[in-house]
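Notes to accompany the following structure.
The figures here come from the full heavy-atom set of this structure, side chains too, leaving out hydrogens, waters and symmetry mates. Order of appearance sets the numbers: ligands from 1, and atoms from 1 within every ligand.
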Amino acid sequence: MSTNDQNPVHYDAVVIGAGFAGIYMLYKLRQLGLTAKAYETGDDVGGTWYWNRYPGARCDVESLEYCYSFDPELEQEWEWTERYPGQPEILRYAQHVAERYDLYRDIQFNTKVTKAAFDDDTGRWHVSSAPAVDHIDHNHAPAGPDADLVTAEYLITAVGCLSSSNVPDVEGIDTFEGELCHTGRYPKEGIDFAGKRVGVIGTGSSGIQAIPVIAETAEHLTVFQRTPQYAIPARNHPLDPAEQAEVKADYRKLREQNKTQHGALGARFDWNEGSVLDVEVEEAFKEFDARWEIGGFAFLGAYSDIARTPEANHVAADFVKDKIRETVTDPEVAERLIPSTYIGCKRLVLDTDYFITYNRENVTLVDISENTITEITPDGLRTVDGTSYDLDVIVFATGYDAMTGSLLRIDIRGREGLPLAEQWYAGPRTYLGLGVPGFPNMFTITGPGSPSVLANMIVCIEQHVDWIGDCIDHMRANGHRHIEATEEATEAWVDHVNLVASYTLYPTCNSWYLGANIPGKTRVFMPLPGFPDYAQKCDEVAAAGYEGFALIQS
Ligand code: N01
């Protein structure tokens, strides 16, 4: 439907984003009998799994846990093919969900929401959008003459935590004559690496997944590493139909278990409550070895204090360092790959054949921690020491302006025109990661201050969408027009998030959890560790009449 400034279309709710959060929110709003419209920059649903088409892209949460639980029929009918789902399969799943519940008709694709402003007079949100442009970073698409305007009672952001690509501002980037891409905005048509000299910049989850696959076909692959990372084998494999049937026979049990686990995942492996410091190192290494063979985050469940106590962390880290040294044949290269941070302090990576890839003749590792990239040239790139690297393709696996980037790239304004960027000038401030003071009727799905990226995203999404749905239902049943997080509750919540994070080792390294990967970004720990406690708190807030929120009668 076409709209314009003079005659905007009115909806009950506007949802920004049609990834897993956006499509489930749309479904929920329909169930409540509300009119809703979702806007999506891509040309299909899937969000992160629409954009991340890089070679090797795969989820690090097991398929049987990384899927919606809201409809038992859906979970029974969908058959996963591998232990960890690959990007194409997750995208097909998102498309299946959107088709199954007839959601496509309420999503406007190829459209970037540019501005959302709360109108103090009407009490409604005015939302402007424009055609999305620019493959590599269309988040900067300005509101042009084609801007569309609609209004809504509720503004619900479902923009994803890791969706604003971070492409470093390197001199000469526009002069490169080869092919250049970012893993999070990977071209739909793919890239043929055969016979090409390829450079991958970045060794986080995306780089570590892409590097072994690119190395298989590239003539030569040069990996530019700023910080070495710990990686644990994923041990992906085809999913045994009998195993899948067994889970499906009592899916509720797995779902309920997930809801009580620390990261809302890992229902199928043991979380040991003991301390690694209570056992001999040999015994600990035996346990780590067993979990190394199982693969995945089971490794972190070996002992309960790995993420909290430096001494405990060292034991686990030493085990992985030994594995790197055993795997990489050139000792000098192995040392360059050994991290000096606490394990798990940056997001732990699950890999397939990552370290062994450095034994290939056609792979070179370049340490750019000090010898930084100074310039991208028409033929490749140059580092501080003056070395030039001739490249046909440059892949930026340089991550995201996480958690706040996609929200702040939209001009969001609350009461009296208050820009969100101003409200968050010293870092994101939310209550429960769901509401922001000064921004009535705005809900931020998996917003900063909620567990989100520190837990199974699908579980977190469902928990938020269900909570928001119940809240809107409550408001309508009780004649409340607006809901808004109070300053006091927000202040206390931000303190709570910082306190909980301070009990862990997370704040000790320069991770995207802290915004440390983005030059100039305020260093604040953004997600909240601790899923089950958080979900319980949200339930308590609702049961207490949405304590910490101001509810305003119509
Ligand atoms: O991004 P990252 P990612 N010059 O930020 C380096 C999820 N995810 O896309 O560590 C040179 O982790 C940067 O170096 P440093 C998952 O939650 C999940 O890989 O900042 N290098 C780092 O090595 C993950 O954590 C899955 O010093 C620069 C890399 O680029 C999150 O997404 C798969 C640089 C970025 O690593 C993000 O992962 C993929 C610069 N200017 C992603 N800037 C799965 O489910 C940054 N780097 C498996």
Going by heavy-atom distance to atom 29 (C) of ligand 1, choose the closest among Gly399, Ala397, Ala234, Ser511.
Ala397

I'd like to know whether ligand 1 has Val453 as a neighbour, heavy-atom separation below 4.0 Å.
no

Check whether NZ of the Lys or CZ of the Arg Arg523 lies under 6.0 Å from the centre of the six-membered ring of Phe525 and within 45 degrees of that ring's axis.
no

Between Asn52 and ligand 1, which part of the residue brings a heavy atom under 4.0 Å of the ligand: side chain, backbone, both or neither?
neither

Geometric class of the His314/Tyr342 ring pair [parallel <30°, tilted 30-60°, perpendicular >60°]:
tilted

Near Asn166, which atoms of ligand 1 are under 4.0 Å from a heavy atom of that residue?
43 (N)

What atoms in ligand 1 come closer than 4.0 Å to a heavy atom of Cys59?
45 (O)

Hey, is the main chain of Ile306 close enough, under 3.5 Å, to the side chain of Asn313 for a donor-acceptor pair?
yes

Report, as yes or no, whether the 6.0 Å neighbourhood of atom CG on Asp240 holds more than 12 heavy atoms from other residues, nucleotides or ligands.
yes

Just to be sure I'm reading this right: ignoring hydrogens, which of Lys346, Arg226, Arg347 gets closest to atom 10 (O) of ligand 1? Compare them by their nearest heavy atoms.
Lys346

Output the list of atoms in ligand 1 that are nearer than 4.0 Å to some heavy atom of Arg58, sorted by atom number.
44 (C), 45 (O), 48 (C)

What is the nearest protein non-hydrogen atom to atom 32 (O) of ligand 1, stated with its residue, atom name and distance?
Leu162 CD1, 3.3 Å

By the definition ring-ring contact (aromatic ring centres under 6.0 Å, His included), identify the one residue from Phe319, Tyr230, Trp271 that meets it with Phe299.
Phe319

Plane angle bin for Tyr93 and Trp80 - parallel if under 30°, tilted between 30 and 60°, otherwise perpendicular
tilted

According to the interplanar angle, ranging from 0 to 90°, do the rings of Tyr68 and Phe20 count as parallel (below 30°), tilted (30 to 60°) or perpendicular (above 60°)?
tilted

Heavy-atom gap Thr183 to ligand 1 smaller than 4.0 Å
no

Could you name the option among Tyr54, Trp512, Phe224, Tyr84 that has the heavy atom nearest to atom 37 (C) of ligand 1?
Trp512

Measure the distances from the heavy atoms of Ile201 to every atom of ligand 1 and state whether one is below 4.0 angstrom.
yes

Closest non-hydrogen protein atom to atom 26 (C) of ligand 1, residue and atom name please, with distance?
Ser205 CB, 3.9 Å

Trp493 and His496 aromatic ring geometry - parallel, tilted or perpendicular at 30°/60° bounds:
tilted

